[in-house]
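As structure tokens, the structure follows; a few thoughts come after it.
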There are 2 protein chains.
Amino acid sequence: MKHRARIADVASLAGVSVATVSRTLSNPDSVKPATRERVQRAIDELNYFMDGSARALASGHGHTVGMVVPTLDNSIFALAVQGLQTTLAAHGYQLLIAAHEYNLETEAQQVRALLETRIDALVLVGTHHAETTWDLVRRSRTPLLVAWAAHESYPSVAFDNRLIGQLAAEHLIALGHRQFGMISGYTRHNDRARQRAEGFIDTLRRNDIAFDKRNLIEQPFGFAGGRTGWARLMQLPVPPTAIFCGNDVLAMGCMFEAQKHGVQLPRDLSIVGCDNLPIVSHLPPGLTTVQLPTYELGIECAHSILEWIEKDVQPVSVCLDIELIVRGTTSHPPKMPTAISANK
Amino acid sequence: MKHRARIADVASLAGVSVATVSRTLSNPDSVKPATRERVQRAIDELNYFMDGSARALASGHGHTVGMVVPTLDNSIFALAVQGLQTTLAAHGYQLLIAAHEYNLETEAQQVRALLETRIDALVLVGTHHAETTWDLVRRSRTPLLVAWAAHESYPSVAFDNRLIGQLAAEHLIALGHRQFGMISGYTRHNDRARQRAEGFIDTLRRNDIAFDKRNLIEQPFGFAGGRTGWARLMQLPVPPTAIFCGNDVLAMGCMFEAQKHGVQLPRDLSIVGCDNLPIVSHLPPGLTTVQLPTYELGIECAHSILEWIEKDVQPVSVCLDIELIVRGTTSHPPKMPTAISANK
DNA sequence: CTGAAAGCGCTTACAG
DNA sequence: CTGAAAGCGCTTACAG
């Protein structure tokens, strides 16, 4: 045998019609057991593998969903993808994955490529996307699920990103802090980052605490961003005693840099991060963080999508619970801003 | 318009044949510019998106490759996947991804599902797979590329896992250590882990250093595994002064637990990990590690696959360079094993 | 429970 | 440079 066996080969070897082979494959119960067995033997003997593209074309859907994430190199997205993939696989669906590395144009390209693969549904992270991306989604009429943040017209599986900032602010205020800083990812093209910052700042203001724009440092995600952020904040006329970081990687960078300069956590400085990465619980205490159930987000996305595709009912948007995880914090801020030089 | 436009709709609106539309899409240069433009206008007007499954069926390949990794929740695999995906995307290919969470049976299922999607090629991590998996690959005749470890009959893009163990051993021997321990992932179903252990132990033996099997602790990957590993090693009659860990997560866990018990790194203990995770360079010095270029591995996999699929030439196996990254180590081991209780 | 046949939406020699 | 037509390998009413 030179080539892949086709369904017709199986049919003739088993002495049945192609329709019966097809049924054996997709709806075994509708075939008499004896026939089913003969078909199965023929399949094994011929090393028959169904051709997914032919099935997709004939049946009208490809059992495939596409997702494009900013990056896989962050537990937070990796876990969500894994939760999504695992759940989809259990229901016979495949996952096409793409990363755009925080470039919205790249994202649009990846989305276009995915849409031409006839995916049954598309998952995008957040609500801020290139106009091209929105246009493609609209035109293609592919079901779109928004993850991580709520959208007003598309269904979503989200976290309340403003609440994250609020929890951080409330926690730090309760500890007695009055001088705040924040280290964030770039908010311009990142709705999650923007909402977290807004939630934080609004909560401060609602508590009659002034927050100057200069106390918000925007940095690329990464340890280096956290380090730079800390250094910048310490150069302010009145350095903060409490810092909220947009995620744990920034928070750890901030912490590492502070410690390098002799700052004692949590005595001299309170830091709140976000994500509750596994490693955080292994580091010396001092880092409080907001836990986001991202693996569950992936699973939830899968359920929403399956319902949408298979029952044709547009899923309702859901918002997942988050939790502040406190790991050793002083009950009050230092009396006065610790005087520390940010120079090496 | 109720439904997705098809190529025939575009053709009639543009006043050309479907063949011409098809050419405009896949080989624009073979179409007169004026015609091309008319077709493009029709495409835009009708919101036409090509149906990937029909194209795949008609043309014979789906521009899709599949990869199944142990987990995405480890920078090391996430980076490789990202390198692979990015490179494939640049050449018009999609990536179907699946994770098996270190379960070989799950892997076999994922592989089966992928093979029925008519992927152009499959990437698997390592050489140890369920018999079912091998059988499926053979039967389906899908090009298989092995990543991370070399295989004798399939092409691979690999690291020399034995060399990793060897580098670690040589480094530690050169420092003057004579009592060694190793914390590894489970070697039974993991060829990378096994080869690293073998490389380490063989190098010790070649240097006339005895290594008792009990000094090899197998643990699940994770910080907890590293912690347990350290505790176990410290209970040995003669605790090691140097520990090689199968990866950085284990190494960090080992380090955290040692520090918790008052051990000073690198004064009292030398640890060597593997992977060179970004965070390692931010932790207090003391952790030496072996750097594996995993993003490059992903890119290299993509190139091998593209060559294989498009030129039909089976790629040659390649082995990527690795490098020992030393971050603060004593030049000699402690005079005698530090007496530390592993009890909490 | 099973079969014959139309059709899914493209691509690709083959002519012109 | 363009078109007519066969064919890719399945699924799915429709009959029986």
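It should be emphasised that the depicted structure is a prediction, and the values quoted were computed from it without experimental measurement. Each chain gets a letter, A, B and so on, in the order the sequences are listed, and its residues count up from 1.
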Measure from the side chain of [X], starting at C-beta and using heavy atoms only, and say which of [options] lies closest.
{"X": "B/A19", "options": "C/dC10, D/dG9, D/dG3", "value": "D/dG3"}
{"X": "A/T35", "options": "C/dG9, C/dC1, D/dT11", "value": "C/dC1"}
{"X": "A/R23", "options": "D/dT11, D/dT2, C/dT2", "value": "C/dT2"}

N or O in side chain of [X] less than 4.0 angstrom from [N] OP1/OP2:
{"X": "A/S30", "N": "C/dC1", "value": "no"}
{"X": "B/S17", "N": "D/dT2", "value": "no"}
{"X": "A/T20", "N": "C/dT2", "value": "no"}

Whole-Å distance separating the [atom1] atom of [X] from the [atom2] atom of [N]:
{"X": "A/L25", "N": "D/dT11", "atom1": "CG", "atom2": "C1'", "result": "11 Å"}
{"X": "B/D9", "N": "C/dC10", "atom1": "CG", "atom2": "C1'", "result": "13 Å"}
{"X": "B/L57", "N": "C/dT11", "atom1": "CG", "atom2": "P", "result": "11 Å"}
{"X": "B/H61", "N": "C/dT11", "atom1": "NE2", "atom2": "C1'", "result": "12 Å"}
{"X": "B/D29", "N": "D/dC1", "atom1": "CG", "atom2": "P", "result": "9 Å"}
{"X": "B/D51", "N": "C/dG7", "atom1": "CG", "atom2": "P", "result": "18 Å"}
{"X": "A/E37", "N": "C/dC1", "atom1": "CD", "atom2": "P", "result": "15 Å"}
{"X": "B/R6", "N": "C/dT11", "atom1": "CZ", "atom2": "C1'", "result": "17 Å"}

(request) Return the 5'-most residue of the pair A/V18, B/A54 with respect to DNA chain D, ranking by each residue's nearest nucleotide. (result)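 On the 5' side of the pair lies B/A54.
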(request) May I ask you to decide if B/D51's main-chain N or O and A/R118's side chain share a donor-acceptor pair within less than 3.5 Å? (result)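 Judged by distance alone, no pair lies under 3.5 Å.
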(message) Using modelled atom types and a 3.5 Å cut-off, is there a donor and acceptor pairing between side-chain atoms of B/R36 and backbone atoms of B/V31?
(response)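 Between the backbone of B/V31 and the side chain of B/R36 there is a qualifying donor-acceptor contact (under 3.5 Å).
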(message) Considering every strand and a 4.0 Å limit on heavy-atom distances, what is the contact class for B/S53: base, sugar-phosphate, or nothing?
(response)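 B/S53: no heavy atom of the nucleic acid under 4.0 Å.
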(request) Assign A/S26 to base, sugar-phosphate, or nothing according to its heavy-atom contacts below 4.0 angstrom with the strands shown. (result)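 Nothing, no nucleic acid heavy atom in range.
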(message) Going by purine N1 to pyrimidine N3 plus the second Watson-Crick contact, or the G-U wobble pair, all under 3.5 Å, which nucleotide sits opposite D/dA13?
(response)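 The base-pairing partner of D/dA13, which may sit in any strand shown, does not exist here.
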(request) Tell me, with the steps shown, if B/Y102 and B/Y186 meet ring pair (Phe, Tyr, Trp, His ring centres under 6.0 Å). (result) CA-CA 10 Å; B/Y102 293 98; B/Y186 294 110; 9.5 Å; no
(request) In plain terms, say whether A/D191 and A/R194 are close enough for a salt bridge, that is, a side-chain N and a carboxylate O under 4.0 Å apart. (result)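 The answer is no: the pair does not qualify as a salt bridge.
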(message) Check this for me, if you would: do B/R138 and B/D135 make a salt bridge, where the nitrogen-to-carboxylate-oxygen distance has to be below 4.0 angstrom?
(response)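 The answer is yes: the pair qualifies as a salt bridge.
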(message) Give me the distance, rounded to whole Å, that separates D/dT12 from D/dG16 when you measure between the C1' atoms they each carry.
(response)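 Here D/dT12 and D/dG16 have their C1' atoms 16 Å from each other.
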